[in-house]
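Structure record follows, encoded as structure tokens.
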Amino acid sequence: MLIKQASDILSSEITAESVYLRRRQLLKAAGVATLGAILSPPLKASEAVPGASGKLLPGVTRSPFSTDQQPNSWADVTGYNNYYEFGTGKADPARRARDFAPLPWTVKVGGECDKPGTYAYEDLVSRHRLEERIYRLRCVEAWSMIIPWVGIPLASIIERLQPNSDARFVNFRTLYDPDRMPGQRRRTLNWPYEEGLTMAEAMHPLTLIAVGLYGRELPNQNGAPMRLVVPWKYGFKSIKAIAEINFTRTQPRSSWQQATPSEYGFYANVNPEVPHPRWSQARERPIGAGLFAGKKPTLMFNGYGEQVASLYAGMDLRKNY
Ligand SMILES: Nc1nc2c(c(=O)[nH]1)N[C@H]1C(S)=C(S)[C@@H](COP(=O)(O)O)O[C@H]1N2
Ligand SMILES: [Mo]
């Protein structure tokens, strides 16, 4: 794993030169190259975000892992979604998840860990400091966005659940409740939506449990109350509305893998050199860039290669798609 301290450092803590220099070393080691990340602009939440709604989250800190690229608008991030539990159209989730009540929420934890049980959302999340993480999102359908998430590293939740030495993977499941998630009445996927990571991927400092957006509570269509965000993988890995976490010895089979194993693999790392069987992954369409903006090149590991490539050293990325 990469040095874990980097994600613990707050910009507000820094003044003394020694601390400052140490921090720079940490950031460099973590692959965060620029000083710009340290002297970052104020939280997006503190600016006027047109159209934003929902409760502001208190005490959100900046993260050196954020990109300095301009985030997509609130309208883009909350109006163009994939969330099959609420329909298969991009505008369906915003409309059909409007009345979904995410709280109260519990997460059932099981498998190879010493602290299994049913945890209340507040118990899992509220003891941790919230960070803003502005990440690139690359959907396997070849469109992309830049999203200012608020969340906590998945690693800090996992540490508390104490996986044992037999835990090699983490499996996540979305809530299964067709009354509350009407898209589950149709077999568009094998419900509940399921995803998985290796233990090393799950513990990586970039891997986030998001509970907010633009400094506010996570809108329903983005996966309230808590969803995964793995920025170097195709968007479908970032499972929404997590209701179950299981530590396993064997590799989980994700929903998309179950549906079409020839098209979707377990790893799903963003890779411009490995085409989807039905389209190229070399380029992507940035949402919100305007009709005539054109496509831009897709980056290996969605631009996070410096931080994550070592997780896949020696692996054939064509076979392990
Ligand atoms: N439970 C669940 N999680 C999901 C999906 C879904 O249909 N159901 N769609 C995935 C896909 S394909 C993408 S691209 C992202 C989109 O996240 P966003 O709508 O917050 O941008 O969510 C992912 N997580
Ligand atoms: Mo996606």
Side-chain angles (χ1 to χ4, degrees), residues 54 71-97 100 102 105 107 133-151 171-178 180-197 207-214 216-245 252 254-260 263-265 268-270 276 278-279 281 284-288 298 302:
N72 275 86
S73 69
W74 175 268
D76 286 340
V77 179
T78 64
Y80 188 95
N81 303 98
N82 274 331
Y83 200 173
Y84 279 24
E85 284 84 345
F86 294 97
T88 54
K90 296 289 184 278
D92 288 340
R95 190 168 41 88
R96 298 179 68 196
F100 179 78
W105 190 264
V107 181
R133 299 272 185 110
I134 307 172
Y135 281 165
R136 291 178 289 277
L137 174 89
R138 170 60 157 81
C139 176
V140 76
E141 299 163 331
W143 54 264
S144 63
M145 284 204 213
I146 298 179
I147 304 186
W149 303 110
V150 175
N171 177 226
F172 304 89
R173 290 198 185 102
T174 294
L175 177 70
Y176 178 65
D177 188 342
R180 297 172 69 196
M181 296 180 150
Q184 290 178 335
R185 290 185 204 132
R186 294 176 50 212
R187 302 262 312 163
T188 42
L189 282 172
N190 221 356
W191 309 113
Y193 197 99
E194 210 172 327
E195 260 308 338
L197 297 172
T207 304
L208 195 73
I209 288 292
V211 301
L213 198 64
Y214 266 113
R216 295 168 185 272
E217 282 178 346
L218 197 63
N220 292 339
Q221 60 267 42
N222 295 95
M226 56 189 280
R227 59 90 58 86
L228 186 66
V229 179
V230 193
W232 70 94
K233 293 177 178 284
Y234 290 120
F236 68 83
K237 296 294 291 184
S238 293
I239 182 173
K240 297 177 174 181
I242 295 167
E244 223 182 292
I245 299 176
S254 75
S255 286
W256 284 102
Q257 218 181 340
Q258 292 171 39
T260 328
E263 298 189 349
Y264 306 104
N269 292 314
V270 174
H276 185 277
R278 290 182 282 131
W279 58 84
Q281 295 290 26
E284 64 198 54
R285 182 172 60 92
I287 298 299
T298 286
N302 203 22

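Throughout, residue positions are numbered sequentially from 1 according to the sequence presented. Order of listing sets the numbers, starting from 1, for every ligand and every atom in it.
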Tell me, which protein residue and heavy-atom name are nearest [atom], and how many Å apart are they?
atom: atom 24 (N) of ligand 1; value: Ser238 O, 2.9 Å
atom: atom 6 (C) of ligand 1; value: Tyr193 CE1, 3.3 Å
atom: atom 21 (O) of ligand 1; value: Leu137 CD2, 3.7 Å
atom: atom 15 (C) of ligand 1; value: Gly235 O, 3.6 Å
atom: atom 3 (N) of ligand 1; value: Lys240 N, 3.0 Å
atom: atom 17 (O) of ligand 1; value: Arg227 NH2, 3.1 Å
atom: atom 7 (O) of ligand 1; value: Tyr84 N, 2.8 Å
atom: atom 12 (S) of ligand 1; value: Asn82 ND2, 3.5 Å

For residues Val270 and Arg136, determine if any side-chain heavy atom of one lies less than 4.5 Å from a side-chain heavy atom of the other.
no
With heavy atoms under 4.0 Å as the rule, classify the contact between Trp149 and ligand 1 as side chain, backbone, both or neither.
side chain
Record the part of Glu85 in heavy-atom contact with ligand 1 below 4.0 Å; permitted values are side chain, backbone, both and neither.
side chain
Identify which of Cys139, Ala210, Pro219 has a heavy atom lying nearest to atom 14 (S) of ligand 1.
Cys139
Hey, is the main chain of [Y] close enough, under 3.5 Å, to the side chain of [X] for a donor-acceptor pair?
X: Asn190; Y: Ser255; value: no
X: Asn171; Y: Pro252; value: no
X: Thr174; Y: Pro192; value: no

Between Leu218 and Ala224, what is the shortest heavy-atom contact and its length?
O-CB, 3.3 Å
Give the C-alpha distance, both sets of side-chain angles, the deciding distance and a yes or no for side chain to side chain donor-acceptor pair (under 3.5 Å) between Asn81 and Gln221.
CA-CA 7 Å; Asn81 303 98; Gln221 60 267 42; 4.9 Å; no
Check this for me, if you would: do Lys233 and Glu195 make a salt bridge, where the nitrogen-to-carboxylate-oxygen distance has to be below 4.0 angstrom?
no
Residues Tyr214, Arg216; criterion side chain to side chain donor-acceptor pair (under 3.5 Å); working and verdict
CA-CA 5 Å; Tyr214 266 113; Arg216 295 168 185 272; over 6 Å; no
I'd like to check which ligand 1 atoms, numbered from 1 as shown, lie under 4.0 Å from a non-hydrogen atom of [X].
X: Ile239; result: 3 (N), 24 (N)
X: Asn222; result: 18 (P), 20 (O)
X: Thr174; result: 1 (N)

Could you tell me how the ring of Trp279 sits relative to the ring of His276: parallel (under 30°), tilted (30 to 60°) or perpendicular (over 60°)?
parallel
Would you check the N or O atoms of Trp143, main chain and side chain alike, for any that come under 3.5 Å of an N or O of ligand 1?
no
N/O to N/O below 3.5 Å, does that happen between Asn81 and ligand 1?
yes
Trp256 versus Tyr193, side-chain donor and acceptor atoms under 3.5 Å:
yes
